[in-house]
Structure formats: C-alpha cells, structure tokens
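It should be emphasised that the depicted structure is a prediction, and the values quoted were computed from it without experimental measurement. Below, chains carry the letters A, B, ... as their sequence lines are ordered, and counting in each starts from 1.
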Protein chains: 2
Amino acid sequence: MSLAAAVGTEGQEVPNRRVILKRHVTGFPSEDDMEVVAGAARLAVPPGSAAVVLKNLYLSCDPYMRGRMSKQNRRSYVPAFVPGSGWPRCEQSGGIWAPGFQGWRSRLGMTGWEEYTLIPNQESLSKINHPEMPLSYYTGVLGMPGLTAYAGLYDVAKPKKGEYFFVSAASGAVGQIVGQLAKLTGCYVVGSAGSDEKVKLLKTKFGFDEAFNYKKEQDLNAALQRYFPEGIDIYFEHVGGTMLDAVLLNMRMHDRIAVCGMISQYNLEQPQGIQNLLSLIIKRVRMEGFMVSDYLGQHHKFEEEMVRYLKDDKIVYVEDVAEGLEKAPAALIGLFTGRNVGKQLVTVTQE
Amino acid sequence: MSLAAAVGTEGQEVPNRRVILKRHVTGFPSEDDMEVVAGAARLAVPPGSAAVVLKNLYLSCDPYMRGRMSKQNRRSYVPAFVPGSGWPRCEQSGGIWAPGFQGWRSRLGMTGWEEYTLIPNQESLSKINHPEMPLSYYTGVLGMPGLTAYAGLYDVAKPKKGEYFFVSAASGAVGQIVGQLAKLTGCYVVGSAGSDEKVKLLKTKFGFDEAFNYKKEQDLNAALQRYFPEGIDIYFEHVGGTMLDAVLLNMRMHDRIAVCGMISQYNLEQPQGIQNLLSLIIKRVRMEGFMVSDYLGQHHKFEEEMVRYLKDDKIVYVEDVAEGLEKAPAALIGLFTGRNVGKQLVTVTQE
C-alpha cells in the first residue's frame with residue numbers, strides 16, 4: 001500500500017487507535033499505566049479553517065515525557081497529561097492530508113500518540129526541508145534531540161578545541177549527536193552508557209575517544225579520574241544523581257556543566273540529593289540548564305549543518321525502532337531501563 | 001600609647017602572642033580547637049631582603065577559614081592549616097615596620113593571627129590608598145569581602161534594574177554590601193538572616209526592601225513565595241542546604257545563582273543533598289561559583305568606587321568588633337552560630 005493510499009480520501013472515516021495514559025504515575029512507570037484504545041477519525045477539517053489531518057508515521061519516545069505522566073508538580077518541564085486522554089504534543093513526523101494539499105506532504109510537529117491527529121492550524125507544523133533524508137531522522141538527529149545537542153553544545157557548553165568533554169547517557173538520542181559534534185570541534189570525548197554493547201557502539205561507530213559502562217563501576221569518582229586524569233572541562237548532563245556528584249569532584253577550573261536532563265531522577269518521588277555543589281565555588285564552575293524550546297529559531301541553520309554532516313558521514317546516527325503503535329508504551333518504559341540502543345522511536349505506519 | 005610607639009624600634013625583641021590550631025576539626029568547631037600561645041618576635045629583617053615586619057592591627061574572621069581547619073579534603077577552597085602552627089594567610093590590616101620605612105605605614109595582606117608577622121616580600125602586601133577611611137574597613141567593605149560582593153554582583157550575577165534579588169546571610173560582611181550594591185543598581189532586594197535584630201538592620205540601616213528571619217520560617221519555600229510572588233531573578237548564595245533547595249523552586253526564567261559560599265555546610269562531614277536541581281533545566285538557570293581571588297585585578301577600581309559610595313553615604317557598613325587577640329577564637333566560632341552582627345573582625349592592637 002502506498003503512503004498516499006494509506007492517508008485515505010476526503011471525508012472518509014478511518015480507524016484511529018491511540019495511546020492513552022490510564023492514571024497518573026508515581027515512581028517507576030509500567031506499560032500497564034498506558035493503554036492502546038480503538039477509535040475513529042474523519043478525514044475532514046472545518047471548511048475555511050487552517051486545520052489539517054496528520055497521518056502519523058513516526059512517534060518519538062523521549063525521557064522528558066515521564067514528567068508529564070506525574071500529577072503536576074513544580075519539578076516537571078511541561079504540563080501534565082490528563083489521564084484518559086491521549087498523549088498530546090509529542091514530536092512526530094507524519095504524512096499530512098488536507099483539502100488544500102495536492103496529495104500528502106511530510107510535516108514535523110507535536111501531535112498525539114495516535115494514527116491520525118487533527119491539527120487546528122497547519123502553521124504549527126514544521127516543513128521537512130530535506131525529503132531525501134530518512135523521514136524518521138526528523139524525530140531524532142534532524143529534530144528536537146539533534147537541536148538539543150546542537151544548541152546545548154554551542155550555546156551553553158561552548159567547547160574549545162582540545163577540551164576534555166564528558167557526556168552521560170552517551171548513546172541516546174542527544175548523547176550520540178553531542179559527542180560527535182564535540183569531536184568535530186576537536187574535543188577529547190568520553191561517554192558513559194549502561195551496557196557493554198552501547199560502550200562498543202560509542203567507541204567504534206560514533207568515534208568517541210573513550211567510553212565506559214557505568215553499571216560496572218564500583219566508584220564513579222575513580223572511573224572519572226581514570227578517564228580524565230587532568231579533569232573535565234565540559235560535562236553534558238543527562239542523568240543526575242551519583243554521576244553528577246562524581247563529576248563535580250572532577251571538574252577543572254572555570255568549567256561548564258550543560259544540564260540537559262537528569263533521567264536517573266525522573267522516577268523518584270524524592271530526588272537524590274547532590275552533595276558536592278561546593279565544587280562550583282572551588283572550581284568556579286558554571287552549571288546551566290537549558291531547553292530546546294528556546295532555540296527553535298536556530299532550527300533551519302541546524303538542519304542544514306546536520307544534513308551536511310550526515311551526507312558527508314561526519315556524523316552517524318543509530319535508531320532503535322519499535323514497529324507498531326501497540327509497542328509504544330513498552331518503548332517508552334524501555335528508556336528508563338536503558339533497553340534502547342540509540343534513539344528510540346515507534347513506527348506507526350510503514351512508509 | 002601612639003601606634004608608632006607601639007610598633008617598636010629596630011632590633012627590639014617583642015612579645016608575640018599568636019593563635020594556633022590545636023587539632024584538625026571534625027564537625028562543629030569549638031574555641032578549644034584553638035589556643036592563644038605566647039611567643040616572641042624580633043623587629044628585624046634579613047639585611048638586603050625585601051622582608052618587612054608587620055604589626056597586626058585588625059584580624060578578619062571569615063567563614064571560609066573553617067575549610068582550612070579540616071584535614072584536607074577535596075571540598076575545601078584552600079590548603080589545610082597544620083595543627084600547632086599559627087593561622088597563616090588571613091587578611092589583616094596592619095602597621096608595618098621595616099628598615100627602609102620612615103616610621104610605619106598601613107598595609108593590607110594575608111598574615112598570621114598574631115601580633116607581629118614577618119612578611120618575606122613586602123610586595124605581597126597591598127597599599128591602603130585611602131588612609132582617611134577607618135583602617136578596619138580594609139578587612140571588610142574595602143577589602144576581600146567588599147571585592148567579593150562587587151565582583152560576584154557585577155561579573156557573575158549581572159543584575160539589571162528592576163530585577164528581583166535575594167541574598168542569604170544578608171547582614172554579613174559580603175551580604176550587607178552586595179544587597180546595597182544591588183539596590184543601587186535598581187533591584188528589588190530581599191535578605192534573609194538569623195535573628196530579628198539582623199532583620200531590622202537590613203530593613204532600616206541597609207535599606208533592603210524586605211528581610212526575614214529564616215529561623216522563624218517553618219517552610220522556606222512558602223517564605224520565598226511570600227517575598228517573591230513573581231519569583232527570584234538573582235540569588236546570591238551564601239548558605240546552601242535547605243535555603244538553596246527552596247530558592248531553586250522559586251527562580252524565574254533564565255535567571256542566575258551566584259555561588260559565593262555555603263556556610264550551612266561547612267561543619268557537616270556529609271553535606272546536605274540538594275534535591276531541586278531539575279529547576280536548572282525547567283527555569284534555564286545559570287548557577288555559577290566564583291572566588292574573589294580571580295578578581296584581584298579589579299581591586300583598585302573597586303576601592304575607588306566603594307570609597308566614593310561610603311563618603312556619599314550611599315553604602316553604610318556595620319562591623320562587629322572583638323577586642324583583643326584572645327577573643328579571636330570565639331569570634332571565629334561565632335560566625336557559625338550567627339552570633340556576629342555585621343562583619344566580624346578582631347582588634348589586636350588599638351590604633
């Protein structure tokens with residue numbers, strides 16, 4: 001079946017399965033907290049409106065989504081989901097259907113975890129400027145995680161050639177990209193990950209200088225001293241907790257911690273306390289949090305640079321693809337157990 | 001007795017009491033960890049050397065000294081003291097005696113907690129450019145604490161007119177100055193302190209917009225919400241611990257925490273864990289540590305500006321003066337119980 005055929009015809013009512021959150025989650029989430037339910041969508045939009053119907057092809061699974069599964073609290077990035085409703089506003093790339101369109105177009109946007117999403121204003125969707133690239137890349141290296149790595153590195157961490165760069169969760173969607181960009185800048189790059197398979201990937205496929213399996217280290221401080229005998233210039237923070245405390249003991253003078261995420265803390269009702277913040281004074285460290293949503297103005301420049309790097313094989317990209325919407329809950333849970341190898345996404349419909 | 005007479009004559013042997021650390025300290029320090037011992041000094045320097053003998057007039061008591069009383073660990077700013085020896089390198093202002101000098105000159109430098117200190121190279125001492133100001137001010141508003149406030153505010157926190165500014169330990173040596181400088185910049189300034197007397201001082205003498213006694217607050221988060229209903233733009237951090245965790249919940253977007261010290265943590269073997277660092281991401285906060293020693297090049301500019309503010313009554317300054325070297329141990333301990341009101345110093349010899 002061609003994609004155009006899959007999108008359907010105007011006015012048609014089509015089945016529309018979607019993933020819903022059954023209840024707000026406390027502690028570690030499980031697949032059972034979510035449910036795939038049946039439904040229907042009509043391939044029609046209000047006459048004269050700017051609305052379109054998006055047929056969703058690829059869903060993105062990202063750690064930040066865990067925050068939205070909790071009853072809202074002040075530690076979360078974004079508003080909580082309402083149990084019983086779908087997953088609103090998750091980045092996806094999709095085929096689009098709309099009266100004014102000739103056939104379908106690829107677009108990128110925040111939609112539901114469902115087969116079809118009515119988008120009230122098509123202007124809220126982004127164009128896919130390089131349809132020659134795999135469309136799924138727009139949920140990762142060419143989408144939000146890629147821009148996160150790009151903006152966090154150049155605007156927050158500000159690396160210089162020869163600096164010692166450390167990234168945790170290094171084989172993930174952001175980690176693999178930021179480590180490779182730091183290498184291109186001329187940094188010495190070390191990554192940590194949670195399995196030997198991922199460590200191997202970092203050293204062989206992504207070209208990191210060193211990598212280690214943090215689960216095999218009794219003492220993270222000792223591990224960091226081994227990999228950074230002269231200390232760390234830049235830490236790109238994805239995990240928080242004991243890794244952050246160990247990093248704080250191993251920073252060099254006047255260095256930077258770009259705080260992108262703290263995945264080790266998202267399922268804890270009470271976060272682990274960080275004890276070594278006095279290092280911020282001793283080492284004059286700048287520790288700075290950021291969110292990709294502040295850098296959307298850079299998306300076009302980023303997209304052009306990243307496409308060039310990918311075409312020139314200067315950046316390689318690894319995805320972990322779950323096939324089918326019914327696999328989405330497990331794929332999301334897998335982020336927190338480290339099951340995924342590379343960027344986790346879900347294919348809703350085959351292109 | 002005039003000061004010139006008190007300095008003594010060349011070659012004379014004079015009594016020289018000094019404070020020594022009896023043992024490395026674990027946990028909360030006590031007066032008994034220090035001792036005032038008798039000794040002697042000769043008012044002579046090696047012929048042809050750049051050495052001078054400094055007669056110490058004012059000793060500075062500063063929280064950072066606690067770190068030096070511990071057996072060295074990676075959390076301390078500066079090298080540990082050696083038990084049995086004196087307190088090396090504590091800022092003082094003193095009358096100076098040396099063969100090449102006509103009489104005595106006032107100088108500022110890092111010396112021992114003692115009556116006389118042999119300074120191997122007089123170039124290591126700073127001049128007192130404004131002898132018309134009280135000499136004791138050079139241990140505070142015109143010395144290291146004043147420069148700490150100045151550099152931390154303008155170089156790290158970078159305030160803008162109209163911003164909401166919060167400082168903890170606000171009546172202390174740095175706090176009282178940084179709060180008044182922030183007011184001069186046009187910020188809305190709130191300080192916390194540990195007694196009603198200090199709170200009154202902040203509001204009446206130093207002209208803070210608001211101040212509160214943190215010891216009377218059951219819930220620091222609620223207190224900050226009350227004083228900053230729109231959130232905090234800049235936090236000037238002196239205390240760490242639960243106050244920092246509460247501040248992290250009350251920051252505005254794209255704001256700054258200038259980390260100057262964390263006095264609540266200095267006597268703890270295991271620091272309190274900070275749990276709300278995820279706020280760094282949510283609010284895009286820049287949290288940056290600094291040390292005054294990186295800003296010594298600004299000292300002259302700072303001194304001129306601060307003298308002008310003092311002469312114009314735009315900045316007022318409160319000292320807590322202990323009379324006599326034998327009071328120095330208690331004065332230092334008092335910093336950690338909050339006994340001092342204003343900058344704590346010790347007069348060794350009356351001018």
Side-chain angles (χ1 to χ4, degrees), chain A residues 63-64 67 73-78 148 151-152 155-156 221 225 237-238 240-242 244-246 248-251 253-266 268-295, chain B residues 64 67 73-78 148 151-152 155-156 221 225 231 237-238 240-242 244-246 248-251 253-266 268-295:
Chain A
Y64 83 89
N73 67 56
R74 299 177 59 149
R75 297 206 311 267
S76 176
Y77 293 20
V78 279
T148 300
D155 278 64
V156 182
N221 181 21
Q225 285 179 38
E237 162 71 308
H238 283 130
T242 52
L244 175 57
D245 251 338
L248 282 165
L249 294 178
N250 286 280
M251 294 300 286
M253 295 290 280
H254 295 286
D255 287 325
R256 294 85 80 197
I257 299 177
V259 188
C260 181
M262 293 189 173
I263 193 172
S264 74
Q265 307 299 298
Y266 297 166
L268 304 178
E269 280 306 286
Q270 192 73 344
Q272 285 176 284
I274 297 300
Q275 301 195 315
N276 296 326
L277 288 174
L278 210 51
S279 289
L280 297 183
I281 304 176
I282 303 167
K283 305 294 181 60
R284 291 78 150 165
V285 172
R286 172 168 60 87
M287 183 170 179
E288 190 166 347
F290 70 99
M291 280 180 69
V292 65
S293 48
D294 295 338
Y295 299 95
Chain B
Y64 82 89
N73 67 56
R74 299 175 62 149
R75 298 206 310 266
S76 176
Y77 294 18
V78 280
T148 300
D155 279 63
V156 182
N221 180 20
Q225 284 179 37
E237 162 70 309
H238 283 132
T242 51
L244 175 57
D245 251 338
L248 283 165
L249 295 178
N250 286 280
M251 295 301 286
M253 295 292 279
H254 296 285
D255 288 324
R256 296 83 82 196
I257 299 177
V259 188
C260 182
M262 293 188 175
I263 193 172
S264 74
Q265 307 299 297
Y266 296 167
L268 305 178
E269 280 306 285
Q270 193 74 346
Q272 286 176 281
I274 299 298
Q275 300 195 315
N276 296 326
L277 288 174
L278 209 52
S279 288
L280 298 183
I281 305 176
I282 302 169
K283 303 294 180 62
R284 293 77 150 162
V285 171
R286 170 167 61 86
M287 184 172 180
E288 189 165 348
F290 70 99
M291 279 179 69
V292 64
S293 48
D294 295 338
Y295 299 95

Inset, instruction - State the NE2-CE distance between B:His254 and A:Met291, to the nearest 0.5 angstrom. - result: 9.5 Å
Legend entry - Atom pair CD1 (B:Ile257) and CE (A:Met287), whose distance is rounded to the nearest 0.5 Å: 10.0 Å
Legend entry - Non-neighbouring partners of B:Val292 that pass side-chain contact (heavy atoms from CB on, under 4.5 Å), sequence neighbours left out: B:Met144, B:Leu147, B:Thr148
Legend entry - CG-CD distance between A:Leu268 and B:Gln275, expressed to the nearest 0.5 angstrom: 10.0 Å
Inset, instruction - Specify the closest pair of heavy atoms between A:Arg284 and B:Ser293, including all atoms of both residues, with the distance to one decimal. - result: NH2-OG, 3.1 Å
Legend entry - Minimum heavy-atom distance between A:Tyr266 and B:Leu278, given as atom pair plus value: CE2-CD1, 3.9 Å
Inset, instruction - Check whether any side-chain heavy atom of A:Leu277 sits under 4.5 Å from a side-chain heavy atom of B:Gln265, and report yes or no. - result: no
Legend entry - Flag side-chain contact, heavy atom, 4.5 Å: B:Glu288 against A:Leu280: no
Inset, instruction - Heavy atoms only, distances under 4.5 angstrom: which of B:Leu248, B:Val259, B:Leu244, B:Asp294 has the most pairs with chain A? Name it, please. - result: B:Asp294
